[in-house]
Protein chains: 2
Amino acid sequence: MRLVVAECTVTYEGRLTARLERARRLLMVKADGCVAIHADGGAYKPLNWMNAPNTLVETDEGWRVSNQKGEVLLIEIHDVDSDTNVELGVDPGLQKDGVESHLQELLAEQPGALETGLQLIRREYPTDIGPVDLLCRDADGTTVAVEIKRRGEIDGVEQLTRYLEFLNAQPDLAPVRGVLAAQLIKPQAKVLAGTREIGCVELDYDRLRGLERPQQKLF
Amino acid sequence: MRLVVAECTVTYEGRLTARLERARRLLMVKADGCVAIHADGGAYKPLNWMNAPNTLVETDEGWRVSNQKGEVLLIEIHDVDSDTNVELGVDPGLQKDGVESHLQELLAEQPGALETGLQLIRREYPTDIGPVDLLCRDADGTTVAVEIKRRGEIDGVEQLTRYLEFLNAQPDLAPVRGVLAAQLIKPQAKVLAGTREIGCVELDYDRLRGLERPQQKLF
DNA sequence: GTGTATATCTCGGGG
DNA sequence: CCCCGAGGTATACAC
């Protein structure tokens with residue numbers, strides 16, 4: 001990783017046009033080739049950047065970074081304060097837990113946690129307009145489409161509504177009802193779901209994890 | 001801005017649980033207090049971070065960064081390679097052009113560019129479910145709700161559909177029809193718009209800018 | 001590659 | 001403060 005502290009003026013032309021007036025900033029070039037221009041604030045996001053893959057051309061005046069899509073980042077460098085290289089090596093990477101995919105795994109194993117008697121037909125059930133998180137059959141034999149979110153909001157209800165329209169157009173599945181499952185469902189989403197006769201289930205993530213490994217509960 | 005290169009092991013507990021195994025990384029602390037942990041790849045995004053405002057406590061073992069929401073970033077520091085401070089000062093900031101707000105300004109001034117005879121009633125017309133970009137009246141006196149996007153996709157059609165449902169429930173406005181305006185409208189969005197009788201208009205941004213300042217065209 | 005959905009999204013505006 | 005919508009969103013994943 002190369003770190004340069006310099007007085008610079010920057011222009012970006014691409015998906016929009018943007019300009020940074022002259023100031024002292026940190027330029028970061030990572031091993032993958034991406035370039036980021038950081039100021040001393042504004043959270044972790046750089047003021048301006050160019051992702052890899054790109055081409056960096058260095059001249060006396062500064063850097064010209066461009067890519068195949070026609071985007072150009074011009075960094076005019078007036079004065080260099082420092083220019084250092086840091087060897088970091090390959091990173092083992094971030095391990096995450098608690099995201100939607102894990103919720104989906106847990107519920108695929110335990111559909112009964114959503115509703116007594118619910119049984120899984122298929123996870124990621126494919127349709128022409130995208131995959132349905134879980135397709136299930138309830139105790140009465142009715143098909144149920146389940147949409148899983150970390151937070152249940154209006155767009156989740158919209159998404160499930162599109163799936164239900166599509167699934168109900170298939171005579172072998174119809175009638176299909178919908179259930180929105182999330183750790184937290186916002187009031188607006190509950191209201192919208194109610195007007196469309198979509199069920200709402202709020203989940204306890206830690207409890208689901210416990211259900212997944214019941215033997216752990218015995219000790 | 002403080003830049004530390006160090007061998008570290010990191011855990012984050014908050015909106016999710018995440019862990020970074022031991023490796024050499026760049027730790028960045030900006031003047032606003034935000035902390036970012038960068039590897040030598042993965043675009044400009046850090047592997048892990050904590051935004052301001054937060055509290056950083058430094059001990060012999062490493063850093064403990066926490067905030068009021070109960071999120072905690074623990075950085076165990078095994079070995080410090082370098083630890084430097086860089087003075088950058090306040091940044092004049094990024095100036096942008098070409099985004100949706102500018103399209104909205106241009107169309108608010110030139111509703112006729114969308115459709116002959118169209119007149120603006122109000123920009124950012126407020127409803128209980130969010131503001132309608134442009135509310136207009138057409139040559140026949142019918143109310144028209146306009147949703148403006150840089151790129152017209154399915155979610156833009158959904159958003160406009162919600163507004164139309166809401167507006168058509170108001171007797172003083174109904175009937176209201178919808179128009180989706182964007183620089184580029186994707187085929188799927190056009191199809192969905194068609195099934196809901198929503199109009200689609202593709203815009204030429206440069207031409208709109210020209211219309212805004214017609215005197216520039218004379219020279 | 002396109003299409004679809006997610007994200008510790010981030011960021012800003014308005015009530 | 002939350003809610004809502006935009007983003008050069010970026011990123012992953014399926015088709």
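Residue numbers start from 1 in every chain, and the chains themselves are labelled A, B, ... in the order their sequence lines are given, proteins ahead of strands.
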B:Lys149 has an atom NZ; how far is it from atom P of D:dG8, in whole Å?
14 Å
So, are A:Glu202 and A:Lys190 salt-bridged, with charged N and O less than 4.0 Å apart?
yes
Under 4.0 Å, heavy atoms only, any strand: does A:Glu153 hit a base, just the sugar-phosphate, or nothing?
nothing
By nearest heavy atom, map B:Glu71 and A:Gly130 onto DNA chain C; which one lands nearer the 5' end?
A:Gly130
Does a sphere of radius 6.0 Å around CZ in B:Arg64 hold more than 12 heavy atoms from other residues, nucleotides or ligands, not counting ones at 6.0 Å or beyond?
no
Which whole-number value in Å describes the distance from A:Asp32 CG to D:dA10 P?
14 Å
If we take the P atom in both D:dG8 and C:dA5, what is their distance in whole Å?
22 Å
Taking the nucleotide of DNA chain C with the nearest heavy atom to each, does B:Asn51 or A:Ile148 sit closer to the 5' end?
A:Ile148
How would you label the contact of B:Glu147 with the nucleic acid (heavy atoms, under 4.0 Å): base, sugar-phosphate, or nothing?
sugar-phosphate
Quick one: label A:Tyr44 by what it contacts on the DNA or RNA (base, sugar-phosphate, nothing), any heavy atom closer than 4.0 Å.
sugar-phosphate
Are B:Glu158 and B:Arg196 within salt-bridge range, i.e. N to O under 4.0 Å?
yes
When rounded to the nearest 0.5 angstrom, what is the spacing between NZ in A:Lys149 and CG in A:Leu184?
14.0 Å
Taking 4.0 Å as the cut-off, does a side-chain nitrogen or oxygen of B:Gln188 come that near to OP1 or OP2 on C:dT4?
yes
Heavy-atom check, side chain of B:Asp133 versus side chain of B:Val146, under 4.5 Å
no
Rounded to whole Å, please give me the gap between CG in B:Asn48 and C1' in C:dT8.
8 Å
Spacing between A:Arg151 atom CZ and C:dA7 atom P, to the nearest angstrom:
12 Å
Pairs under 3.5 angstrom only: tabulate donor-acceptor contacts from the side chains of residues 40-52 of chain B to other protein residues two or more places apart or in another chain.
residue : atom : partner : partner atom : Å
B:Asp40 : OD1  : A:Ala31 : N            : 2.6
B:Asp40 : OD2  : A:Met1  : N            : 2.9

May I have the distance from A:Leu103 (atom CG) to C:dT8 (atom P), rounded to whole angstrom?
13 Å
Closer than 4.0 Å, any side-chain N/O of A:Lys45 to the OP1 or OP2 of C:dC11?
no
Under 4.0 angstrom between B:Trp49 side-chain N/O and C:dC9 OP1 or OP2:
no
The correct set of residues in residues 155-165 of chain A placing a heavy atom under 4.0 Å from DNA chain C is A:Gln159, A:Arg162, A:Tyr163
Rounding to an integer number of Å, can you tell me how far B:Glu124 CD sits from D:dA6 P?
9 Å
What is the distance, to the nearest angstrom, from the CD1 atom on A:Ile154 to the P atom on D:dC3?
11 Å
Contacts of B:Glu21 that satisfy side-chain hydrogen bond (donor to acceptor under 3.5 Å, both in side chains) - sequence neighbours left out:
B:Arg19
Give A:Leu94 one of three labels, base, sugar-phosphate or nothing, depending on what nucleic acid heavy atoms sit under 4.0 Å from its own.
base
dist B:Leu167:CG -> B:Thr143:OG1 (nearest 0.5 Å) comes out at 8.5 Å
Rounding to the closest angstrom, what is the interatomic distance between C:dT8 and D:dG5 at atom P?
22 Å
5'-most contact on DNA chain D (nearest-nucleotide basis), B:Ser101 vs B:Gly42, goes to B:Ser101
Which whole-number value in Å describes the distance from A:Phe166 CZ to C:dG3 P?
17 Å
